[in-house]
Number of protein chains: 2
Amino acid sequence: MSEALDTLTKNQQTVLDILESAKEPLKAYAILFDTQKKGIKAPLQVYRALDKLIEIGKVHKIESKNSYIACKHKSCDAGTSTSFLICEICDLVTELKKNVSSYFSKQSAEVNFSYSKHNLEIYGICNNCKINN
Amino acid sequence: MSEALDTLTKNQQTVLDILESAKEPLKAYAILFDTQKKGIKAPLQVYRALDKLIEIGKVHKIESKNSYIACKHKSCDAGTSTSFLICEICDLVTELKKNVSSYFSKQSAEVNFSYSKHNLEIYGICNNCKINN
DNA sequence: AACGTAATGTTATAATATAACATATTTTAA
DNA sequence: TTAAAATATGTTATATTATAACATTACGTT
């Protein structure tokens with residue numbers, strides 16, 4: 001029997017805690033800095049925890065920012081597709097909740113490409129910044 | 001009067017030539033290696049050429065692969081949105097020609113987000129690999 | 001020609017990420 | 001219940017990706 005999906009090890013939980021309490025996506029070395037008081041000492045410990053958290057869908061990587069963010073969804077498709085809205089003013093990142101995979105699957109099929117997964121990073125201005133600027 | 005958009009400097013042309021003749025996206029240090037016989041000696045020279053080429057829309061960066069690819073389109077929106085289909089088997093990368101910006105703009109508006117630009121990286125299996133595997 | 005702008009050349013270093021290996025912990029299954 | 005297998009850890013070193021800083025050169029504009 002494989003372990004329960006919600007059982008995290010100490011380092012994994014430490015890294016997830018930091019990401020969940022962060023308002024913006026964090027870079028790996030920022031996570032390292034923040035977790036040094038909790039016993040994490042080397043970059044590799046952070047990257048290993050991130051790898052696992054990404055694999056189980058608790059964390060996503062924002063490729064264009066080399067940053068990591070905790071998933072707010074109940075259960076995300078583990079380690080697969082992501083769709084983000086990234087504010088160019090305040091750096092707020094939110095996940096696009098609407099499922100866009102079927103649209104991409106259709107678009108891909110039109111050029112004989114079998115869709116498997118995607119990363120989507122949309123840049124623009126969030127509602128809050130629209131109001132305050 | 002500003003210079004013509006199609007006037008590239010020596011280094012820029014050298015880097016673009018390499019990318020245009022490459023079958024897959026190239027990493028910056030692979031470009032450096034390939035261009036050393038043509039006088040480019042340091043990473044910064046490659047990155048500077050890439051920056052300019054990206055700015056004028058001749059080259060795109062594939063964020064999830066830290067790689068660069070020449071744009072095959074006549075004229076791409078300079079330095080803005082990109083949509084790629086990336087084959088997980090052969091690494092072939094093609095640009096999605098269909099304009100998906102309006103779809104994203106609409107999806108974004110639904111959550112009060114003002115769309116500005118996007119990066120889309122779709123992973124899957126290309127037609128050729130489907131046939132040969 | 002003199003100026004402003006952009007590109008270049010060069011060295012050094014910052015930022016991001018992984019290799020390699022020894023050890024410890026947990027899970028599984030005989 | 002314990003030995004084997006799998007997973008996670010700790011640690012040092014190093015690979016990979018990208019930029020800072022500064023001096024110099026080329027080039028278009030007036």
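Chain letters run A, B, ... following the sequence lines, proteins first, then strands; residues in each count from 1. Since the model is a prediction, treat every value here as computed from it, not as a measurement.
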5'-most by nearest nucleotide on DNA chain C - A:Glu63 or B:Pro43: B:Pro43
Taking OH from B:Tyr47 and P from D:dT16, how many angstroms apart are they, rounded to a whole number? 12 Å
So does B:Gln45 get a side-chain nitrogen or oxygen closer than 4.0 Å to the phosphate oxygens (OP1/OP2) of C:dT8? no
Distance-only donor-acceptor check, side chains A:Ser64 and A:Tyr123, under 3.5 Å: yes
Listed nucleotide nearest any side-chain atom of A:Leu44, set C:dT10, D:dT12, C:dA17: D:dT12
Nucleotide nearest B:Asn66 (side chain, heavy atoms from C-beta), chosen from D:dT17, D:dA20, C:dA17: D:dT17
Below 30° counts as parallel, above 60° as perpendicular, anything between as tilted: where do the rings of A:Tyr115 and A:Phe104 land? tilted
For B:Ala28 and B:Val46, which heavy atoms make the closest approach, and how far apart are they? O-CG1, 3.7 Å
Identify, between A:Lys65 and B:Ala49, the residue whose nearest nucleotide on DNA chain C lies closer to the 5' end. B:Ala49
How long is the line joining CG of A:Asp51 and C1' of D:dA8, in whole Å? 12 Å
The side chain of A:Lys61 is closest to which nucleotide in this list: C:dT11, D:dT12, C:dA17? C:dA17
Quiz question: going by heavy-atom distance under 3.5 Å, is there a donor-acceptor pair between the base of D:dA15 and the side chain of B:Tyr29? no
B:Lys52 side-chain N/O to C:dA6 phosphate OP1/OP2 under 4.0 Å: no
Whole-Å gap separating C1' (C:dT23) and NZ (A:Lys41): 15 Å
Which nucleotide wins on minimum distance to the side chain of A:Gln12, given the candidates D:dA8, C:dA17, D:dA18? D:dA8
Nearest-Å distance, CD1 (A:Ile31) to P (C:dA15)? 16 Å
Verify side chain to side chain contact (heavy atoms under 4.5 Å, CB included) between A:His118 and B:Leu120, making sure each step is shown before the conclusion. CA-CA 7 Å; A:His118 74 267; B:Leu120 169 62; 4.3 Å; yes
A:Leu8 atom CG is separated from D:dA8 atom P, nearest whole Å, by 10 Å
Among D:dA18, D:dT11, C:dG9, the nucleotide that comes nearest once only the side chain of B:Asn11 is considered: C:dG9
Integer-rounded Å distance: D:dT16 C1' and B:Phe33 CZ: 16 Å
In whole angstrom, what separates A:Leu50's CG from C:dT16's C1'? 12 Å
Please determine whether a side-chain nitrogen or oxygen atom of B:Thr9 lies at a distance below 4.0 Å from atom OP1 or OP2 of D:dA26. no
I need the minimum non-hydrogen distance between A:Glu95 and A:His73, along with the two atoms involved. OE1-CE1, 3.5 Å
To the nearest Å, give me how far apart NZ (B:Lys10) and C1' (C:dA7) are. 12 Å
For D:dA18 and B:Tyr68 - does any side-chain N or O of the residue sit under 4.0 Å from the phosphate oxygens OP1/OP2? yes
